[in-house]
Number of protein chains: 2
Amino acid sequence: MPSSISMPAPPDRVTVVTIARQAGVASSTVSRALNGDTRISAATRARIAAIALELGYKPDALARTLSGGRSGLVGLVLGPVENPFYVAMLQEVVAQAARRGIRLLVLHLGAGAVEDETMEAVLQYRVDGCLVTSAQLSSRIADMCGSHGVPVVMLNRTTRLRASSVSCDNLEGATEITQFLLHEGHRRFALVGTDTSSSTALEREQGFTRALASAGLEAVRFSGGTSSWMGGYVAGEGIAALPPAERPHAVFAVSDIMALGVIDALRQNGLRVPQDVSVVGFDDIAEAARPTYALTTMSQPLVPMVRRGLDMLLARMEDPALPDEVTLLRGTLAVRGSTQARVVA
Amino acid sequence: MPSSISMPAPPDRVTVVTIARQAGVASSTVSRALNGDTRISAATRARIAAIALELGYKPDALARTLSGGRSGLVGLVLGPVENPFYVAMLQEVVAQAARRGIRLLVLHLGAGAVEDETMEAVLQYRVDGCLVTSAQLSSRIADMCGSHGVPVVMLNRTTRLRASSVSCDNLEGATEITQFLLHEGHRRFALVGTDTSSSTALEREQGFTRALASAGLEAVRFSGGTSSWMGGYVAGEGIAALPPAERPHAVFAVSDIMALGVIDALRQNGLRVPQDVSVVGFDDIAEAARPTYALTTMSQPLVPMVRRGLDMLLARMEDPALPDEVTLLRGTLAVRGSTQARVVA
DNA sequence: TTGAAAGCGGTACCAG
DNA sequence: CTGGTACCGCTTTCAA
């Protein structure tokens, strides 16, 4: 039966055999030549390369993997994208992975639990390694990867699990930004945190609280639930509802997205930022730089974090015996318009 | 050499052969049994299933694919995530794909061009189909997929390419929201568009312009560059700079994210929304519902769109001969606080 | 320097 | 109903 007009026959796959026949050599020779094996004469190598190019040969990644090689696949477990920080992270991971010839297999995205079938994909597709950001139940992924010799690197998340990690020095960062607030003359503080206890949020709270304690101060704590705009907004309403005498000079939110919610809530309730209340966050998401927010925040070194994370992962894909490693990177303070020095009354 | 303490030997892979030996049958029988082939006696099937379960057998997706089956992989090409709409889409795609047992291979993300190596991944990993959202150069992906018999479905993007698509009825939606504005008494309009000509933006502009034309009206056009908050902000500043006599009653932005930028710019310049100017968008991203914006917009039926898109893709993965198909879904008007009826002067 | 052949883990065809 | 076997595309000994 002749093929229909609208469906040009998908061209037959060009394989090592196709090339071997064309070149009049064995398929094994083709394989070696294309992989730059120096035992093959430069002449034959060149000839085979030429034919491969001409025929548009694309090695089958699956077959290659099956016969014992790497899959080139890295599993990706991504946190709640309601927080733009995770979106930025995703973007950076995708960009850098592409540059390194790594393919990303989406294993999970969002706040929910990682499903079982998802976990199985790690084995079924012979994923070489996993990149995990946040996710409450990431420990399950780490466990199963660990027991199957699949290296795992956590981004923006410290852990005691068998896995390596790269994250911002949250404790130090929170300390630094708190000291900045103290230096600016603020003496009454509010802390905006979450109900869920992610390592990230906890460390930041600690840094803040300790820095205050060193100055003999305490903060009132507000929680809006999750690390989201709405979470911050709810907390912000609570702060705005305080009697003027108890109103904080400055608010520290454990994430930028919450800080933005806080700012909106304060303004919605007639308070000015920074004139009445200074607000700071942590992350430095793109929205923080908008003129309407101009959020003072601790900027996470996103690009280096991802680079370091991929380096660590690739190294462990090469040599699975490498010991776990924890890297902390320092953030940098980004001072913008959401804070202002407090004139002593 | 004994294995080290920290590295428990990765357990040997459980294959059909492992099970076959355990059960005292041929591997082909195992394969059939596990695939529910009714020719195998219910008894043997049960027995094999039990052994498989006990041994924790996970069929190797790669081997299965190599021997002629589907890979279960769908390539994902995602648009600029600066626009939260694409993030929401990603989230929905991931969720629904997981539910259907489809694995997503990230091919691209962002505004940039799709790289060559990325395109090759489609063939190298034997991707069963591709899901494409936006992306200027998505045509290249579509081309190469088309010529290799890999079905493509475009989401939120109409096209004349060989590919199917699902999108919101942008023309109709823009018309409807414009008529709403007219009905509310607005007579002077501004249009906020982009420099890049995505089909989506163009159709929305058309719907708006035509609806106005039907009423004998015209709009001043502003462009802030890209479909982003900043793009909207820049356009908004232009609008705010107009002399009061020329100030529009209502602004139609081709996307929510731009509309938010417009609102912020107007307010930053002392104009009130909706009292001085009404603003509408298109998409209904989560941010639009924030009390601080309360954006009136055309809500895209995201969940049904994705469902329909996956349906179409799966159908074509089963039967590649299916003809291309274009589906338009109607959006629904979400009236919120960023618009207000204009009292006739 | 190159060829032949044996897998990798499944599926499917052909027998029996 | 079930077993044997070839094959998917590539890598990798083992020979020559």
Side-chain angles (χ1 to χ4, degrees), chain A residues 10-49 51-52 55-73 120-121 123-128 148, chain B residues 10-49 51-52 55-73 120-121 123-128 148:
Chain A
D12 287 327
R13 198 166 242 287
V14 179
T15 77
V16 278
V17 178
T18 322
I19 300 180
R21 272 196 294 256
Q22 270 271 320
V25 298
S27 63
S28 50
T29 302
V30 173
S31 172
R32 286 190 277 246
L34 292 176
N35 288 321
D37 191 319
T38 50
R39 293 176 311 182
I40 305 296
S41 75
T44 357
R45 252 189 294 159
R47 193 158 50 91
I48 291 180
I51 299 183
L55 267 48
Y57 170 71
K58 302 273 174 282
D60 187 309
L62 274 48
R64 179 176 283 174
T65 307
L66 190 58
S67 86
R70 333 212 115 290
S71 66
L73 290 178
E120 298 180 358
L123 299 181
Q124 298 192 285
Y125 288 91
R126 306 239 184 149
V127 162
D128 289 336
H148 287 273
Chain B
D12 287 327
R13 198 164 243 289
V14 179
T15 76
V16 278
V17 178
T18 322
I19 301 179
R21 271 197 295 256
Q22 270 272 321
V25 299
S27 63
S28 51
T29 303
V30 174
S31 173
R32 286 189 281 244
L34 292 176
N35 289 319
D37 192 319
T38 52
R39 293 176 310 183
I40 304 296
S41 75
T44 349
R45 253 189 295 159
R47 192 159 48 91
I48 290 180
I51 299 182
L55 268 47
Y57 170 71
K58 303 273 173 280
D60 186 309
L62 275 46
R64 179 177 283 173
T65 306
L66 191 58
S67 85
R70 331 216 114 290
S71 66
L73 290 178
E120 298 180 359
L123 299 181
Q124 297 191 283
Y125 288 90
R126 305 241 186 148
V127 160
D128 288 337
H148 287 273

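A note on names: the letters A, B, ... follow the listed sequences, proteins ahead of strands, and every chain is numbered from 1.
Nucleotide dA4(C) holds its P atom 14 Å from the CZ atom of Arg21(A), rounded to whole Å. Distance CG (Leu123(B)) to C1' (dC10(D)): 16 Å, rounded to an integer number of Å. Residue Asp60(A) contributes atom CG, which lies 18 Å from atom P of dC7(D) at whole-angstrom precision. The CZ-C1' distance, from Arg39(B) to dT2(D), rounds to 9 Å in whole Å. The distance between atom CG of Leu62(A) and atom P of dT11(D), rounded to the nearest whole Å, is 13 Å. Distance CZ (Arg32(B)) to C1' (dG4(D)): 10 Å, rounded to an integer number of Å. Between the CG atom of Asp37(A) and the P atom of dT2(C) there is a distance of 10 Å, given to the nearest Å. In this structure, the CZ atom of Arg13(B) is 12 Å from the P atom of dC8(C), given to the nearest Å.
Taking every side-chain heavy atom of Thr15(B) into account, dG9(C) is the closest of dC10(D), dT2(C), dG9(C). Side-chain proximity of Ser28(A) to the nucleotides dA4(C), dG10(C), dG4(D) is greatest for dA4(C). Here the nucleotide nearest the side chain of Ala63(A), chosen from dT2(C), dG3(D), dG9(D), is dG9(D). When the nucleotides dG3(C), dC10(D), dT2(D) are ranked by their closest atom to the side chain of Ser67(A), dC10(D) comes out on top. With dG3(C), dT2(D), dG10(C) as the candidates, the nucleotide lying closest to the side chain of Thr29(A) is dG3(C).
Taking NE2 of His148(B) as the start and NZ of Lys58(A) as the end, the distance is 8.0 Å to the nearest 0.5 Å. For the atom pair CZ (Arg45(A)) and CZ (Arg32(A)), the distance works out to 12.5 Å, reported to the nearest 0.5 Å. The structure places OG of Ser71(A) at 11.5 Å from CG of Leu66(A), a figure rounded to the nearest 0.5 Å. How far CD of Glu120(A) is from OH of Tyr125(A): 11.5 Å, rounded to the nearest 0.5 Å. With rounding to the nearest 0.5 Å, the separation of CG in Leu123(A) from CG in Asp60(B) is 9.5 Å. With rounding to the nearest 0.5 Å, the separation of OG in Ser28(A) from CD1 in Ile40(A) is 7.5 Å.
At least one side-chain nitrogen or oxygen of Arg64(B) sits closer than 4.0 Å to the OP1 or OP2 atom of dT11(C). Taking 4.0 angstrom as the limit, Ser41(A) places a side-chain polar atom (N or O) nearer than this to OP1 or OP2 of dT2(C). Proximity of Tyr57(B) to the phosphate of dG10(C): a side-chain N or O atom is located under 4.0 Å from OP1 or OP2. Listed pair Ser31(A) / dC10(D) fails the phosphate criterion, with no side-chain N or O lying under 4.0 Å from OP1 or OP2. For Thr44(B) and dC1(D), the shortest distance from a side-chain N or O to OP1 or OP2 is not below 4.0 Å.
Counting non-hydrogen atoms under 4.0 angstrom, Val17(A) reaches nothing in the nucleic acid. Across all strands, Val30(B) comes closer than 4.0 Å to no nucleic acid atom at all (heavy-atom distances).
Each of Gly68(B) and Ala26(B) was assigned the nucleotide of DNA chain D with the nearest heavy atom; the assignment lying further toward the 5' end belongs to Ala26(B).
For dT2(C), the base has no donor-acceptor partner in the side chain of Arg45(A) [N/O atoms by modelled type, under 3.5 angstrom]. In terms of polar N and O atoms assigned as donor or acceptor, the side chain of Arg126(B) never comes within less than 3.5 Å of the base of dG9(D) in a complementary pairing.
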